Amino acid sequence: MVDQRSAVAVIFILLLLFESTFEQLETLSSPNERAALLELRSSLGLRSTDWPIKSDPCLVWNGIRCANGSVVGINISGFRRTRLGKLNPQFAVDSLVNLTHLASFNASRFFLPGSIPDWLGQRMLTLQVLDLRSCSISGAIPPSLGNLTNLISLYLSDNGISGTIPSSLGLLPLLSVLDLSKNSLTGSIPSSFESLKNLSRLDISSNYLSGSIPPGIGTLSKLQYLNVSNNSFASTIPSQLGDLDSLVELDLSSNSLSGSVPPDLRGLRNLQKMLIGNNFLDGNLPVNLFPAPSQLQIIVLRHNNFTGPLPDVLWRMPQLSLLDISVNNFSGLLPDSSSNANVTAAELNISLNLFYGNLTPSLRRFSSIHLSGNYFEGKVPDYVPSNASLDGNCLQDLADQRTVVDCSSFYAARGLNFDNFGRPNSTQPRAPETSGKKNKRTIILAAVLGGVGLILLLALLALLVLCARKRGGTTNQRGVGVGPVPAGSTPPPPGVSINLSKLGDSFTYQQLLIATGDFSDANLIKNGHSGDLFRGILEGGIPVVIKRIDLQSIKKESYLLELDFFSKFGHSRLVPLLGHCLENENVKFLVYKYMPNGDLSSSLYRKSNTEDDLQSLDWITRLKIALGAAEGLSYLHHECTPPLVHRDVQASSILLDDKFEVRLGSLSEVCAQEGDIHQSRISRLLRLPQSSEQATSGALTATCAYDVYCFGKVLLELVTGKLGISASSEAEMKEYMEQTLPYISIYDKELVTKIVDPSLIVDEDLLEEVWAMAIVARSCLNPKLSRRPLMRYILKALENPLKVVREENTGSARLRATSSRGSWNAALFGSWRQSSSDVAAIPAASATKVEGASSFKQSGTTGSHSQGSGPNGGGDNSSSRRRYSKDIFPEPSDVQDVERQDQD
Ligand SMILES: *[C@@H]1O[C@H](CO)[C@@H](O)[C@H](O)[C@H]1NC(C)=O
Ligand SMILES: *[C@@H]1O[C@H](CO)[C@@H](O)[C@H](O)[C@H]1NC(C)=O
Ligand SMILES: *[C@@H]1O[C@H](CO)[C@@H](O)[C@H](O)[C@H]1NC(C)=O
Ligand SMILES: *[C@@H]1O[C@H](CO)[C@@H](O)[C@H](O)[C@H]1NC(C)=O
Ligand SMILES: *[C@@H]1O[C@H](CO)[C@@H](O)[C@H](O)[C@H]1NC(C)=O
Ligand SMILES: *[C@@H]1O[C@H](CO)[C@@H](O)[C@H](O)[C@H]1NC(C)=O
Ligand SMILES: *[C@@H]1O[C@H](CO)[C@@H](O)[C@H](O)[C@H]1NC(C)=O
Ligand SMILES: *[C@@H]1O[C@H](CO)[C@@H](O)[C@H](O)[C@H]1NC(C)=O
């Protein structure tokens, strides 16, 4: 009996073992599924190191999970595509429909450009987990996803998804995780969300959502994590949120919420993080908002309009690691009781409030303390760490405190006595003395600056007179002086005025602080040479880029030039200036429209997958960008009078909106082209130090030809996909051009394939366009500035790239170049061909043979003349073109050998 039983047990155990071994060694039994996987493998371009074609997917392929002989899980997260797969990456997952048991599809960090297919929601009904984070998905969320009733986790964050959140998502009864953060979603939270009874995590942060937060969210009793930050939610915080007693983290920050904090939030007994900063909340905090045994670790209430005292309990929370209530109107004394907590790594920020009285031992436990901008008085106790920020208070024996008048009137208004910085009333108060000194210093500084400023002003005056468009005698009533003289102290000299009404809205410093979260590092885009750029969200949820120009480190002239430029010129190809904030004397702010696609240097490739697996812009988009930039430059060069030079043409100056339309940025160095003598003197006065580029290219930066040269580098960057060419130093550039330019020949299309960006798909038609752009690039990079083409011809060439290469090959170019009705195309390439054939005949003499280009000096003069001679220069005037054709248009002087070989 016993033996029998143990035998049964042994058999049972063996069976179990067999079962589990069997599961481990499970093979794919369905030929249909195998075919589907192979199809998926090829449509996504997966590598054989991940999915080796001959072996069994269940046994060998990475990221495939099988059960009962069927595929139940696919994880291609972070996979790299094959070289071929990279050529035409698409959201091509059609064959998934034949994996009839698939429960989980994880393609996070795998590049899937395109929108989520509608059939996914209709056909993939077995899905439980769908993870498409960071896949570069665009388009809207298909409402059909509401049919995936088995879905437990849906991750779509960090894509370019737009449109509204479909209310059908509320139909997913099992949904536990919904992450739609970091997209471009608009509209409001569907009220259907209150049906998501199993939801534990809801993240819709960093979108453009608006409306109010639906009270129904409060019924989601399993919710542990709720993040709606960085949207435009308005109205009040619904008191029903207090019913979320599983909630661990609540993030409502950076919205437009207003009203007071509902006392019901004390129901959040498990809350560890409460983030409600950067809103418009006001009123007092409810006294018992924070229940006594609290889990709270992080409380951020910063940048609201809270008033009244801070509940004492906040100072005693055992777990607290960050309490940030800065920039509010909280008031009152610090609690007297010494908290017996030991010093922790906790941080306290109560700066820019209305706290007063003495510093107390309640501060003891914090290792990082920010108290500046309050009305604290008395001595600083020893336990306050030396790196604490204390300025702007009424503290004794400390620099950078408020004045006696300020302090005593604050205290008097509350019926209190100010300790007068610890000095008896009779002696001379110290503060006015220092402020007197300060005043004197300001006066001296103003005088010195004024002197420098006067010179600048004179220079500017002259420039403005020359630069100014016909004004038709209108005067600027709203003009305000922006010279180096402190605003308001001296009326601006007549004539030097910048019309602020043309510079968008006037913002207050406070508005910009709120918009950028105090210019926090998290919002810093980059430290540009003309100022620091920050991302920000204005009231109403408008995303912007704000340039902070600290005049102590940035040359004032570049800021003035930029203001001047924007007040006079505007074009759809230039980045829109939305407003400014000039109220601060030393720090100025310009507010630009936010460009969702950043600049060309950052979006030519987007890091989407693993480190070295980058997605790149397709050719159509690249051509569109080249065209857009050419339009912008063509406006500056040919439509402004006098012609304006951008002087900072490089990939990072080419900003891209949501549709990859170009908006030229970096406009702080725009200046009038050096043409006649008066102008050049002034521009020389204002010009920044010349870069080494000019030396080699033989050009001053203040000529249109310099822009053309730089634009050539940008084109080369677009063609070759080599990042950073347009920003490279002249030495690097020279070396690079030596390697690259020999492969650009108007006689051999195939040569160019050697330098084309390998991540571009190049079919025959496209290759011709690529080839054409390469040819234009090379024309622009002609070392002799006089032979670089005019921007308007470059524009024409880029508008008709196929014409560039096809007409050239018909052999009629030469004829056209010399005919009086010659086209831009013939103009651009006729001379190249002509001179190339000349060169082919007499190689050695080529350089000097070309008339008008025998010396740099001479070519420089003719160059700037033809570049800057307005609508007629180099235009249809055939005699002048004949005369200058060889000077103005490109000729491959440095790489003729290759071309000659090609001709042979
Ligand atoms: C495998 O098949 C058995 C019997 O048909 C079923 O009970 C089990 O749930 C299946 N396993 C999976 C993971 O589908
Ligand atoms: C998914 O695949 C990646 C890459 O092979 C691997 O690093 C990761 O651990 C997998 N994730 C899961 C949840 O299996
Ligand atoms: C699914 O399988 C069927 C039958 O093998 C096949 O005809 C069909 O093309 C497959 N569908 C896709 C999208 O691969
Ligand atoms: C998908 O794979 C990534 C990489 O391994 C992993 O971090 C992530 O948690 C997975 N997603 C899901 C829903 O399991
Ligand atoms: C899927 O959802 C869409 C929209 O919610 C609906 O119109 C459609 O009938 C559903 N399809 C199926 C197969 O349930
Ligand atoms: C803050 O509240 C005060 C009154 O308490 C009000 O005067 C002020 O306008 C409010 N500020 C903002 C920015 O809402
Ligand atoms: C402070 O630290 C000491 C020694 O590490 C410990 O004995 C004491 O309990 C701590 N006090 C508190 C309130 O945590
Ligand atoms: C100092 O003078 C102010 C008014 O000038 C008065 O309100 C305050 O009480 C005096 N303080 C002391 C310590 O005498």
Side-chain angles (χ1 to χ4, degrees), residues 23-24 26 28-52 55 57-67 69-82 85 90-112 114 116-137 144-145 148 150-159 169 172 174-182 198-203 224-225 607-613:
E23 245 179 50
Q24 268 169 17
E26 187 161 36
L28 185 57
S29 56
S30 154
N32 203 10
E33 293 199 4
R34 186 178 165 82
L37 283 178
L38 288 174
E39 170 67 30
L40 190 67
R41 183 181 183 275
S42 86
S43 68
L44 294 180
L46 301 179
R47 300 179 309 166
S48 46
T49 47
D50 290 320
W51 287 15
S55 47
C58 293
L59 293 177
V60 179
W61 289 15
N62 285 339
I64 299 287
R65 206 155 41 81
C66 296
S70 283
V71 178
V72 295
I74 295 181
N75 165 19
I76 54 168
S77 170
F79 276 25
R80 295 168 57 194
R81 290 179 194 252
T82 56
Q90 282 176 349
F91 201 148
V93 294
D94 294 28
S95 52
L96 285 182
V97 299
N98 279 345
L99 300 173
T100 47
H101 293 83
L102 193 67
S104 160
F105 183 59
N106 186 346
S108 58
R109 294 187 295 116
F110 187 83
F111 184 42
L112 291 172
I116 302 172
D118 192 47
W119 57 259
L120 203 74
Q122 281 154 21
R123 306 290 301 277
M124 303 302 297
L125 300 180
T126 51
L127 270 186
Q128 296 172 4
V129 176
L130 181 59
D131 188 341
L132 300 175
R133 278 177 275 187
S134 313
C135 295
S136 303
I137 297 169
S144 68
L145 291 192
L148 300 176
N150 287 307
L151 208 58
I152 295 170
S153 306
L154 177 58
Y155 295 93
L156 299 176
S157 79
D158 193 20
N159 283 294
L169 291 189
L172 300 168
L174 304 178
L175 198 66
S176 166
V177 178
L178 180 57
D179 182 355
L180 307 176
S181 61
K182 298 188 211 155
N198 279 304
L199 204 61
S200 67
R201 197 178 169 88
L202 176 60
D203 188 350
Q224 296 183 358
Y225 177 93
K607 264 195 193 130
S608 64
N609 299 350
T610 48
E611 280 302 296
D612 43 16
D613 199 10

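In listed order, ligands and their atoms are each counted from 1. Computed from a predicted structure; not experimentally measured.
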When rounded to the nearest 0.5 Å, the distance separating OG of S176 from CD1 of I152 is 7.5 Å
When only distance counts, is R109 in polar contact with ligand 4, meaning an N/O pair under 3.5 Å? no
Could you tell me which atoms of ligand 4, counted from 1 in the order shown, lie closer than 4.0 angstrom to a heavy atom of S108? 1 (C), 2 (O), 3 (C)
Exam field: side chain S157 to backbone R133, donor-acceptor pair closer than 3.5 Å: no
Greater than 12 external heavy atoms within 6.0 Å of R123's CZ: no
If we only consider heavy atoms of S77, is any one of them less than 4.0 Å away from an atom in ligand 2? yes
Is it the case that ligand 4 has an N or O less than 3.5 angstrom from some N or O of D131? yes
Give me the residue, atom name and distance of the protein heavy atom closest to atom 5 (O) of ligand 2. F79 CE1, 3.7 Å
Donor-acceptor pair, distance only, cut-off 3.5 Å: does the side chain of R81 make one with the backbone of L44? yes
As a test of the contact definition, would atom 11 (N) of ligand 4 count as having a protein heavy-atom neighbour under 4.0 Å? yes
Test your reading of the structure: does N75 have an N or O sitting under 3.5 Å from an N or O of ligand 2? yes
To the nearest 0.5 Å, how far apart are CG in L127 and CG in L148? 6.0 Å
When you look for heavy atoms under 4.0 Å from ligand 4, do you find them on the side chain of Q128, its backbone, both, or neither? neither
Identify the closest protein heavy atom to atom 3 (C) of ligand 3: which residue and atom is it, and at what distance? N98 ND2, 3.4 Å
Heavy atom of the protein closest to atom 4 (C) of ligand 3 (residue, atom name, distance): N32 OD1, 3.7 Å
Suppose I only count heavy atoms of D94 and a 4.0 Å limit; which atoms of ligand 3 are within that range? 13 (C)
Kindly indicate whether atom 7 (O) of ligand 2 is approached by any protein heavy atom to under 4.0 angstrom. no
Go through the steps to decide whether R41 and W61 satisfy the test side chain to side chain contact (heavy atoms under 4.5 Å, CB included), and finish with yes or no. CA-CA 11 Å; R41 183 181 183 275; W61 289 15; 4.1 Å; yes
